[in-house]
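As structure tokens, the structure follows; a few thoughts come after it.
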Amino acid sequence: MKIIKRMAPRNSSSVTKFILVGFSDQPALQLPLFFFFLGIYVLTVIGNLGLITLIGLNSSLHTPMYFFLFNLSFIDFCYSCVFTPKMLSDFVSENIISYMGCMTQLFFFCFFVNSECYVLVSMAYDRYVAICNPLLYTVTMSPQVCTLLMFCSYVIGFAGAMAHTGSMLTLTFCDSNMIHHYLCEVLPLLQLSCTSTYANELVFFIVGVVITASSISIFISYALILSNILKIPSAEGRSKAFGTCGSHVVAVALFFGSGAFTYLTTSFPGSMEEGRFASVFYTNVVPMLNPLIYSLRNKDVKLALNKTLKRVLF
């Protein structure tokens, strides 16, 4: 049975633990929820590790597009591992997390989520160059450029995570230690502070503006790609181009759409519970779906999978 205990108000020097409220305090729901999220987690791990292994083992997939997809799967795997094991344990045991454990979870969650945003930007740029400037593709998307794009994605993600976590460490928590979420997220934690959160809100705003600008650049890229696809004279060429970009558009729409819906929902007073349930989509469902989105209609991935299975089985 899950236990939720409210600790008495205290000053910041004695706050050593937080209570993660999770989804429900009803004992009858804990086991079904445990198996539900365990199933999602297993599929996420198998899907992303499988795609990482497949790309690594097949030289035919050693191209810029699959280099970015390799990093996307790595990030999805890592950030689902940041909070899902703890979330699963909370369904069957005490849902308590230490102060430093909470700050560590916050840092890595912000790091991987922010990094994924910029990996998606790099993937959009890669598709833009491939379709709009195919003659310059090999030169423009050289190994050095791809490596630099990924390095910048991780550096910006690290900077955003440091800004969020560093400003959070300056807060005093004294009114309550109950986090109305299933993980240590920025907005639920800010609600617990009894000191000014101005710096944190400023950081949140700046990071949000950068991410919004990134998402706009992605959609501009795909608008330009669509414009060029429609100019392709042959139906076969248009179909191939749409097939190449379709999975990217779906992945981008799911990630940014669900994330935007979550934070817009939680920005209204009294809507934290709705935001908690909405966040399941971009924290749990999207990492599970990405390997399926990029492999189900991808002939290169299917061919590489068949070759790998033949090598392993025969």
Side-chain angles (χ1 to χ4, degrees), residues 1-31 33-34 37 41 79-114 160-205 207-208 262-263 265-280 282-284:
M1 179 188 300
K2 186 171 80 167
I3 300 174
I4 294 181
K5 298 184 290 185
R6 185 182 182 91
M7 297 183 181
R10 61 198 69 189
N11 58 36
S12 61
S13 61
S14 62
V15 171
T16 58
K17 298 176 182 178
F18 289 106
I19 308 295
L20 293 167
V21 172
F23 293 99
S24 173
D25 59 356
Q26 297 183 24
L29 294 177
Q30 302 312 307
L31 206 55
L33 286 171
F34 171 82
F37 285 104
Y41 183 56
Y79 98 72
S80 64
C81 291
V82 166
F83 64 90
T84 308
K86 173 59 181 169
M87 182 178 71
L88 291 173
S89 72
D90 289 343
F91 288 126
V92 294
S93 63
E94 290 189 347
N95 49 340
I96 296 174
I97 187 169
S98 68
Y99 175 83
M100 288 311 299
C102 186
M103 294 300 111
T104 302
Q105 187 185 73
L106 173 68
F107 170 80
F108 283 106
F109 179 73
C110 290
F111 170 61
F112 288 118
V113 171
N114 288 340
M162 283 294 293
H164 277 307
T165 310
S167 59
M168 194 67 69
L169 289 168
T170 65
L171 297 181
T172 300
F173 300 99
C174 54
D175 292 334
S176 172
N177 62 344
M178 296 187 71
I179 301 174
H180 291 272
H181 212 288
Y182 53 87
L183 59 89
C184 292
E185 253 270 45
V186 175
L187 294 180
L189 280 168
L190 292 183
Q191 291 191 339
L192 303 183
S193 176
C194 55
T195 52
S196 174
T197 59
Y198 174 77
N200 304 75
E201 291 168 4
L202 182 61
V203 168
F204 188 85
F205 174 76
V207 173
T262 299
Y263 285 104
T265 302
T266 54
S267 65
F268 295 104
S271 59
M272 187 59 69
E273 185 172 350
E274 290 80 358
R276 184 168 73 240
F277 286 101
S279 66
V280 170
Y282 85 92
T283 57
N284 297 83

Next item on the list: Kindly compute the distance separating OG (Ser98) from CD (Gln105), expressed to the nearest 0.5 Å.
Entry: 10.0 Å
Checklist line | Atom of Thr172, atom of Thr195 and distance for their closest heavy-atom approach | finding: N-OG1, 3.2 Å
Notebook entry, point to check: Aromatic rings Phe111 and Phe107: how do their planes relate, parallel, tilted or perpendicular, breaks at 30° and 60°?
Noted result: parallel
Note to self: Distance check, rounded to the nearest 0.5 Å: Tyr99 atom OH versus Leu169 atom CG?
What the structure shows: 4.5 Å
Check: Which distance, rounded to the nearest 0.5 Å, do you find between the CD1 of Ile19 and the CG of Leu192?
Finding: 11.0 Å
Check: Is it true that a side-chain atom of Ser167 and a backbone atom of His164 form a donor plus acceptor pair closer than 3.5 Å?
Finding: yes
Item checked: Shortest non-hydrogen separation from Phe34 to Leu88 and the atoms involved -> CD1-O, 3.4 Å
Item checked: Lys86 backbone acceptor or donor facing Ser89 side chain under 3.5 Å -> yes
Item checked: Aromatic contact, Phe37 with Phe23 (centres under 6.0 Å) -> yes
Check: For the side chain to side chain contact (heavy atoms under 4.5 Å, CB included) test, which of Val186, Thr197, Val203 pairs with Met168?
Finding: Val186
Next item on the list: May I ask you to test the Cys102-Leu189 pair for a side-chain heavy-atom distance under 4.5 Å?
Entry: yes
Item checked: Sequence-distant partners of Cys110, disulfide bond (SG atoms under 2.5 Å apart), two or more places apart -> none
Notebook entry, point to check: Which heavy atom of Cys184 sits nearest a heavy atom of Leu106, and at what distance?
Noted result: O-CD1, 3.5 Å
Note to self: Is the shortest side-chain heavy-atom distance between Tyr79 and Val113 below 4.5 Å?
What the structure shows: yes
Next item on the list: Might you point out which heavy atoms bring Tyr41 and Ser80 nearest each other, and give the distance in Å?
Entry: CE1-O, 3.9 Å
Margin query: Once rounded to the nearest 0.5 Å, what's the spacing between atom CZ of Phe83 and atom NE2 of His181?
Written below: 9.0 Å
